[in-house]
Amino acid sequence: MDKKESLRKIVETIDNIKELAEYGIPVLIEGKKDAESLKNLGISGRFIFVSRTPIFQIADTLKKEGILEVILLTDFDKAGKKYAREILSEFQNRGIKVNNILRNELLKYSRGDLKDIESIYAYISRRVDIMPNFDDMLLPHVISNVGMTLDGKLATVSNDSRISSENDLKRVHELRKEVDGILVGIGTILKDDPRLTVHKVPAVPKENPIRIVVDSSLRIPMTARVLNSDAKTIIATTKPSSNEKDEKIRKLISMGVTVIQTGAKKVNLKDLMNELYKQGIKKILLEGGGTLNFGMFKENLISEIRVYVAPKIFGGSNAPTYVDGEGFKTVEDSPKLELKNHYILDDGIILEYIVIK
Ligand SMILES: NC(=O)C1=CN([C@@H]2O[C@H](COP(=O)(O)OP(=O)(O)OC[C@H]3O[C@@H](n4cnc5c(N)ncnc54)[C@H](OP(=O)(O)O)[C@@H]3O)[C@@H](O)[C@H]2O)C=CC1
Ligand SMILES: Nc1nc(O)c(N)c(N[C@@H]2O[C@H](COP(=O)(O)O)[C@@H](O)[C@H]2O)n1
């Protein structure tokens with residue numbers, strides 16, 4: 001693992017700590033300076049200083065409060081290791097789970113360079129500053145999913161896209177629940193007017209992912225269903241402005257929609273992914289269509305593929321296919337895939353691939 005990859009792993013670990021701390025899991029650290037360093041990295045939540053109160057007392061108090069899990073983040077020196085051993089024993093004796101994976105990851109990825117928690121902020125910022133294009137590495141995990149015919153079509157020439165079986169749609173909606181965002185191009189909005197919520201399986205509103213629409217010229221109709229209040233929506237458009245565009249952006253914002261501007265003629269997909277990652281959208285389900293799918297493959301932004309192949313043939317050179325756009329010129333230029341899983345579902349087949357980066 002090179003230095004850049006190690007740093008990316010450390011930043012990912014910090015993100016995981018942030019998520020768990022926001023969820024209410026207490027973070028066990030040694031002192032105030034550790035808390036400052038973690039706060040500088042955007043981690044907020046409940047910090048408990050293990051150097052101030054005997055550890056058995058802390059464990060008793062948290063047990064009484066009904067806490068089931070804590071995050072262990074003591075230093076990596078002799079004293080920190082001693083605290084860690086005591087915490088593991090006292091907490092586990094009381095049935096409280098001690099998450100020490102994140103501490104171990106920080107130690108592993110810093111290759112022993114990181115000595116304590118108070119220096120973690122300086123450690124990361126020093127390295128991020130000197131690392132060229134480090135931001136480029138902070139990208140969401142993107143799963144591309146489609147229902148396609150045996151001849152690779154996503155819809156008929158007259159835009160009939162009823163391809164997936166009932167159980168396949170349920171599978172897709174379970175997948176929608178697992179992700180932070182669901183991404184489509186403006187072509188799909190104009191042709192299907194989709195809802196892009198979880199509505200084929202039981203779900204509560206907070207399980208709806210954020211709907212993200214890539215729309216360079218802001219063609220989205222103000223009546224589009226993705227603009228309703230069922231879930232949050234982000235519209236990604238280009239930077240150049242005009243009075244008309246600015247007015248539409250103002251209207252969208254007043255409806256609670258987030259607008260991200262990136263790229264000149266077309267939305268810059270890499271910048272968009274980077275921005276979404278920074279906004280906490282770490283896992284995205286890409287639901288096409290073929291033009292956006294090509295753009296995402298071309299920029300190497302897709303990590304996984306899941307397709308349902310239906311026993312149908314639509315034909316038609318103008319019918320949309322899984323991947324359209326201008327296409328890859330040579331086999332070498334095209335994405336490299338590895339089949340990870342396959343199974344029969346209803347009358348079709350599910351194929352799952354990893355994209356080799
Ligand atoms: N069976 C299935 O699983 C699915 C079927 N479909 C079907 O696919 C069809 C729609 O596909 P399609 O018309 O290709 O539409 P897309 O949803 O792929 O949207 C394409 C549009 O996205 C915009 N865009 C902005 N920036 C980029 C970029 N960097 N790269 C690529 N696109 C960009 C472009 O419009 P602009 O320049 O104006 O921004 C482009 O025309 C429909 O028939 C729909 O039913 C769709 C999804 C799933
Ligand atoms: N997985 C899958 N199978 C099909 O047969 C499809 N036609 C699609 N279409 C995608 O799902 C969107 C519709 O979503 P809502 O039900 O309105 O929430 C559609 O716009 C395509 O992105 N997908």
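As the structure is a computational prediction, the values presented were derived from the model and not from experiment. Atoms within a ligand are numbered from 1 in the order they appear, just like the ligands themselves.
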K.L.:
Is there a path of hydrophobic side-chain contacts, each under 4.5 Å between heavy atoms of I, L, V, M, F, W or Y residues, that connects L292 with M148?
P.N.:
yes

K.L.:
With distance as the sole criterion, is a donor-acceptor pair present between the side chains of T238 and K245 under 3.5 Å?
P.N.:
yes

K.L.:
Contact between N159 and ligand 1, counting heavy atoms under 4.0 Å?
P.N.:
yes

K.L.:
If hydrogens are left out, which of G187, G147, A155 has an atom nearest to atom 15 (O) of ligand 1, that is, the closest non-hydrogen atom?
P.N.:
G187

K.L.:
Looking at D160 and R162, is any side-chain nitrogen of the basic one under 4.0 Å from a carboxylate oxygen of the acidic one?
P.N.:
yes

K.L.:
Pick out which of T262, V259, I260 makes a side-chain contact (heavy atoms from CB on, under 4.5 Å) with T237.
P.N.:
V259

K.L.:
Of the listed options (E287, K270, K266), which comes nearest to atom 47 (C) of ligand 1 when hydrogens are ignored and any heavy atom counts?
P.N.:
E287

K.L.:
Side chain or backbone, does G185 bring an N or O within less than 3.5 Å of an N or O on ligand 1?
P.N.:
yes

K.L.:
Is the shortest distance from a Lys or Arg side-chain nitrogen in R195 or D230 to a carboxylate oxygen in the other one below 4.0 Å?
P.N.:
no

K.L.:
Determine, using the 4.5 Å side-chain heavy-atom cutoff (strictly less than), whether F47 and I120 are members of one ILVMFWY cluster.
P.N.:
yes

K.L.:
From atom 32 (N) of ligand 1, work out which of T321, I189, L292, V157 has a heavy atom at the shortest distance.
P.N.:
L292

K.L.:
Can you list the atoms of ligand 1 that are under 4.0 Å from a heavy atom of V214?
P.N.:
22 (O), 23 (C), 24 (N), 25 (C), 26 (N), 27 (C)

K.L.:
Taking the six-membered ring of Y83 as reference, does the NZ or CZ atom of R85 fall below 6.0 Å from its centre and within a 45° cone about the axis?
P.N.:
no

K.L.:
Which residue supplies the protein heavy atom nearest to atom 40 (C) of ligand 1, what is that atom called, and how far is it?
P.N.:
T291 CG2, 3.9 Å

K.L.:
Looking at F49, is K32 sitting on its ring face, NZ or CZ under 6.0 Å from the six-membered ring centre and within 45 degrees of the normal?
P.N.:
no

K.L.:
So which protein residues pack against ligand 2 under 4.0 Å, heavy atoms counted?
P.N.:
N145, G147, S161, I163, S164, V172, R176, T188, D192, P194, R195, L196, T197, H199, E287

K.L.:
Would you mind checking which non-hydrogen protein atom is closest to atom 46 (C) of ligand 1, with the distance to 0.1 Å?
P.N.:
T188 OG1, 3.4 Å

K.L.:
Any atoms of ligand 1 less than 4.0 Å from a non-hydrogen atom of R219? List them with their elements.
P.N.:
35 (O), 36 (P), 38 (O)

